[in-house]
Amino acid sequence: MTVVTPLHRRISVRAGAALALLAAALAVPGSAAAAPTAGTVRWAECTEEGLLGFDCATTEVPLDYDKPHGATTTIALARRPADDPAHKIGTIFVNPGGPGGPGRGMVTVAGEIVAPDVLARFDLVGFDPRGIGASDPVQCFATDAEAEALYARMRIVPLSRAEISSTIGANLAYTKGCVKNAGPLLAHMSTLNVAKDLDRLRQAVGDAKLSYIGYSYGTLIGATYANLFPSRVRAVIIDGNVDPDQRTNHRLANKFERAGGFEIVLDAFLRECDKAVATCAFTGDARTKFDRLRDRLRQGPATLPELGTVTIDDLTDFISGSMYNVADWPDTAATLQFAYDAIFGGVTPSTLAAHSLPKAKARPGWSPDAYSYNGNDAGLAVNCADAPLPRNPALYPGIADAFEAASPTFGRAEAFSEVACANWPATTERYHGPWNRRTAQTVLVVNPTHDPATRYDFALRMTRELGNARLLTLDGFGHTTRYSACITGWYSRYLIDGALPPAGTHCQQDLAPFPAA
């Protein structure tokens with residue numbers, strides 16, 4: 001048994017996007033040689049800090065499903081056993097999204113995912129997808145310092161000719177590092193393979209059909225699985241949805257609409273702030289104030305008393321992250337107001353010190369080990385395998401101008417976020433449809449009306465494109481559904497009994513954007 005292991009075994013987070021054409025038959029189950037039967041998972045008590053008290057295991061899957069008896073790669077899993085094993089229904093697999101996010105830690109927040117009635121009847125299993133976390137992680141550089149040297153040359157919002165040139169050049173150099181160092185797994189990181197891995201995990205735990213919850217990018221895994229293995233769907237919940245056809249076949253349009261989704265939610269944040277006069281610190285024509293702050297930082301960095309230098313990258317990174325969780329909105333508003341007053345006058349240095357605008361930087365992952373950027377590397381590997389983006393780096397400045405004209409806060413950042421895919425090695429391993437195969441059970445599509453990263457339009461299209469799907473809507477804010485007993489209740493009824501919400505069902509969010517004191 002050959003295990004493909006790159007330089008080290010580590011963890012982290014980021015993204016990219018990308019290329020390649022493919023014969024549709026490759027994506028159909030049974031079109032390639034049959035893979036060996038999945039083995040049984042052998043659980044043992046976890047020994048890693050952070051997973052103590054849960055069960056851990058690893059299992060082998062084919063590195064290349066066209067060579068099912070060849071080299072393998074390891075998938076690492078963690079399990080929270082059912083509270084009532086005598087009445088256990090099966091296993092729910094859960095994926096947090098990304099791509100690039102390890103999933104084993106999902107077992108530690110099981111109570112935030114499903115209600116106690118579900119935890120009583122199901123094992124909950126999180127897994128690190130291939131190439132990520134503890135699953136034979138891909139690694140593009142030997143050390144953090146090597147990766148960070150390239151990140152230092154990139155800008156989130158490159159404006160000048162020099163910034164644009166440096167950002168593009170560093171991204172292309174990042175790809176070269178991945179090709180040089182990441183090993184054979186780099187060519188087999190597509191969502192197509194992750195979905196095939198998921199089916200082997202299902203077999204390995206002994207379930208006849210799949211029960212699954214996927215968030216954000218995890219909805220693409222769920223949609224891909226549903227179309228590869230439609231007869232094996234027991235209960236699939238996809239929450240915070242991509243548009244699968246657009247993401248895999250029209251990625252540039254998808255990036256354009258992603259930027260628009262963030263703009264929609266930012267506008268909602270500013271409107272809700274102005275309505276909450278008593279509780280939102282940024283109230284008082286918040287839209288005008290935000291635009292003034294953004295446009296000032298576009299002109300160059302600002303030095304804030306006791307806070308140091310703040311750039312347009314810092315603001316863009318901060319506000320995009322803040323839109324993900326409505327619970328963060330009051331603090332976000334306070335930070336914006338203090339930054340606004342510091343730049344345009346009105347606040348003393350001692351008051352400002354508690355409201356620092358976080359500095360934009362590449363985000364390392366959760367591992368304390370020597371290499372922190374596995375998730376960044378893996379995110380690029382997945383996105384660049386899954387979808388076509390322009391191969392000519394010279395096109396990206398013009399694309400960014402067009403994006404920015406439509407989405408002035410987020411368009412430029414979105415346009416440059418996956419430049420590394422321009423020179424990513426082409427692969428034929430990707431699934432790009434059809435998306436309408438009728439599944440054995442109805443897929444439950446769940447989405448907030450104001451989701452920045454996976455806008456509500458995407459969920460409407462996901463529901464239409466799948467062959468058998470029902471949409472459940474949260475009238476609320478943030479990335480994926482949260483803070484709603486109504487949504488949690490439908491999760492339970494669907495997972496346990498297969499019950500579906502009536503067509504057109506809307507749930508309310510139980511947390512207001514700016515709660516009364």
Side-chain angles (χ1 to χ4, degrees), residues 15 17 27 92-103 106 113-114 126-127 129 132 190-199 210-230 233-251 254-255 257-258 261 324 379 382-383 385-387 430-437 439 441-474 476 478-482 487 490-491 494-495 500-501:
I92 297 171
F93 291 93
V94 61
N95 178 272
M106 298 295 280
I113 299 171
V114 290
F127 63 100
I132 296 170
S190 70
T191 303
L192 170 68
N193 288 322
V194 177
K196 290 180 177 181
D197 293 345
L198 182 57
D199 194 57
L210 179 71
S211 298
Y212 171 79
I213 302 171
Y215 297 97
S216 193
Y217 161 74
T219 68
L220 184 62
I221 298 173
T224 302
Y225 185 96
N227 283 278
L228 291 175
F229 309 106
V233 170
R234 179 195 169 273
V236 168
I237 297 175
I238 44 180
D239 191 330
N241 289 266
V242 304
D243 172 347
D245 176 65
Q246 187 189 66
R247 184 179 174 111
T248 57
N249 293 307
H250 311 283
R251 182 60 168 163
N254 182 241
K255 299 290 287 176
E257 292 201 6
R258 266 180 56 90
Y324 273 60
V382 174
N383 281 334
D386 274 355
R430 75 179 185 98
Y431 186 81
H432 58 104
W435 299 102
N436 62 353
R437 302 190 74 189
T439 50
Q441 299 297 329
T442 303
V443 174
L444 183 59
V445 178
V446 192
N447 223 86
T449 51
H450 289 81
D451 186 318
T454 51
R455 58 192 288 176
Y456 189 59
D457 292 348
F458 293 171
L460 295 173
R461 292 180 213 157
M462 173 72 87
T463 307
R464 288 196 299 265
E465 290 167 25
L466 294 179
N468 182 15
R470 176 68 52 83
L471 176 63
L472 173 61
T473 299
L474 173 67
H479 184 39
T480 73
T481 61
R482 58 180 100 191
I487 294 289
W490 279 114
Y491 263 48
Y494 174 74
L495 290 166
L500 290 166

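Both backbone and side-chain heavy atoms feed into the values below; hydrogens, waters and symmetry mates do not.
- Side chain of N227 to main chain of R437: a donor-acceptor pair is present (N/O by atom type, distance under 3.5 Å, no hydrogens or angles).
- Side-chain contact, R234 with S211: a donor N or O sits under 3.5 Å from an acceptor N or O.
- Between the side chains of Y217 and T191, at least one donor N or O lies within less than 3.5 Å of an accepting N or O.
- For the pair N447 (side chain) and T473 (backbone), a donor-acceptor distance under 3.5 Å is absent.
- When all heavy atoms of P452 and G478 are compared, the pair lying nearest together is CD-C, 3.7 Å.
- To the nearest 0.5 Å, the span separating CD1 on I113 from CE on M106 amounts to 3.5 Å.
- A side-chain donor-acceptor contact under 3.5 Å links R258 to the backbone of A453.
- Counting only heavy atoms from C-beta outward, the side chains of Y212 and I92 never approach each other to under 4.5 Å.
- Under the 3.5 Å distance criterion, the side-chain polar atoms of R455 are matched with a main-chain donor or acceptor of E257.
- In this model, a donor atom of one side chain and an acceptor atom of the other lie less than 3.5 Å apart for D239 and T481.
- Counting only distance, with no hydrogens or angles, the side chain of Y494 and the backbone of V236 share a donor-acceptor pair below 3.5 Å.
- Closest approach of G240 and D451 over heavy atoms only: CA-OD2, 3.9 Å.
- A donor-acceptor pair is defined here as one N or O able to donate and one able to accept, closer than 3.5 Å; no such pair exists between the side chain of N95 and the backbone of G126.
- Checking side-chain atoms of D386 against main-chain N and O of R430 turns up no donor-acceptor pair under 3.5 Å.
- Separation of atoms CG (L466) and CG (N436) is listed at 9.0 Å; rounding is to 0.5 Å.
- Within the 3.5 Å criterion, the main-chain N or O of A195 finds no donor-acceptor partner in the side chain of D199.
- In this structure, the side chains of D197 and F127 stay at 4.5 Å or more apart for every pair of heavy atoms.
- Side-chain N or O atoms of R470 include one that pairs as donor or acceptor with a backbone N or O of P501 at under 3.5 Å.
- Rounding to the nearest 0.5 Å gives a distance of 5.5 Å between CD1 of I237 and CG of L444.
- The shortest distance between side-chain heavy atoms of R461 and D245 does not fall below 4.5 Å.
- Here D457 contributes atom CG and L460 contributes atom CG; the two are 6.0 Å apart, rounded to the nearest 0.5 Å.
- Between L228 and Y431, the closest side-chain pair of non-hydrogen atoms falls below 4.5 Å.
- Considering only heavy atoms from C-beta on, L198 comes within 4.5 Å of I221 through its side chain.
- The two residues D243 and E465 make their nearest non-hydrogen contact at OD1-OE2, 2.7 Å.
- For the ring pair (Phe, Tyr, Trp, His ring centres under 6.0 Å) test with H479, the passing option among Y215, Y324, Y456 is Y324; the others fail.
- In terms of heavy atoms, A226 sits closest to V443 at CB-CG2, 4.4 Å.
- The closest side-chain heavy-atom distance from V446 to I487 is below 4.5 Å.
- Between atom OG1 of residue T463 and atom CG of residue N468 there is a gap of 11.0 Å, rounded to the nearest 0.5 Å.
- The two residues G103 and P129 make their nearest non-hydrogen contact at N-CD, 4.4 Å.
- One distance of note links CZ of R247 with CG of N254; it measures 6.5 Å at 0.5 Å rounding.
- L472 is not listed as a side-chain neighbour of V445, based on a closest heavy-atom distance of 4.5 Å or more.
- Counting heavy atoms from C-beta outward, Y491 and I213 have side chains that approach closer than 4.5 Å.
- Using bins of under 30°, 30° to 60° and over 60° for the plane-to-plane angle, the ring pair F229/Y225 lands in the tilted bin.
- Under the 3.5 Å distance criterion, the side-chain polar atoms of S216 are left unmatched by any main-chain donor or acceptor of G218.
- Residues I132 and G100 share a closest heavy-atom pair of CG2-O, 3.5 Å.
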